[in-house]
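The block underneath contains the structure these notes are about, expressed in structure tokens.
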Amino acid sequence: MPSTTTFRIGGDLPVGRLGFGAMHLPTERPEDRQAAIAVARRAVELGVTATQVCLAWLLDHSPMVLPIPGTSSVAHLEENTAAADIALTPEQRARLDGIAGRG
């Protein structure tokens, strides 16, 4: 299992769950850190969490894709469910595709 580290993003990203203020990411791959920061920036643009951006992106790709996020509380369940209501613009989807290496 790769080692992880917690780091502060800082700058214009607010502190919040999964990726706004502190993240746990593999330390071996700097590109993972850059991808997480880019997703967090998209979340700020949309006014949602990074988790919701990731789920919305997955749901936007195909009606056959069904992400199954871990949910440890009612608040997380509500957050995850709300991702289905996020409408990504073609530009946002293209940026996220690029982050994921699909663009």
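All figures in this text were calculated on a predicted structure; none of them were measured in a lab. The analysis underlying the following values was restricted to heavy atoms, covering all of them including side chains, and did not include hydrogens, waters or symmetry mates.
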For a quick test of reading the model, state the closest non-hydrogen atom pair linking [X] to [Y] and the distance between them.
{"X": "Ile99", "Y": "Val39", "answer": "CD1-N, 4.1 Å"}
{"X": "Trp57", "Y": "Leu96", "answer": "CD1-CB, 3.4 Å"}
{"X": "Ala43", "Y": "Ala50", "answer": "CB-N, 3.6 Å"}
{"X": "Gln92", "Y": "Ala87", "answer": "OE1-O, 4.0 Å"}
{"X": "Asp60", "Y": "Arg93", "answer": "OD2-CD, 2.9 Å"}
{"X": "Ala84", "Y": "Leu59", "answer": "CA-CD1, 3.9 Å"}

Glu79 side chain to Gln52 backbone, donor-acceptor under 3.5 Å: no

Please enumerate all residues that pass salt bridge (charged side-chain N to carboxylate O under 4.0 Å, His left out) together with Glu91, with sequence neighbours excluded. Arg95

Any side-chain heavy atom of Pro69 sitting closer than 4.5 Å to one from Thr51? no

Side chain proximity check, Val53 to Ile86, heavy atoms < 4.5 angstrom: no

Going by the rule side-chain contact (heavy atoms from CB on, under 4.5 Å), which residues pair with Thr81 if we only count those two or more places apart in sequence or in a different chain? Leu77

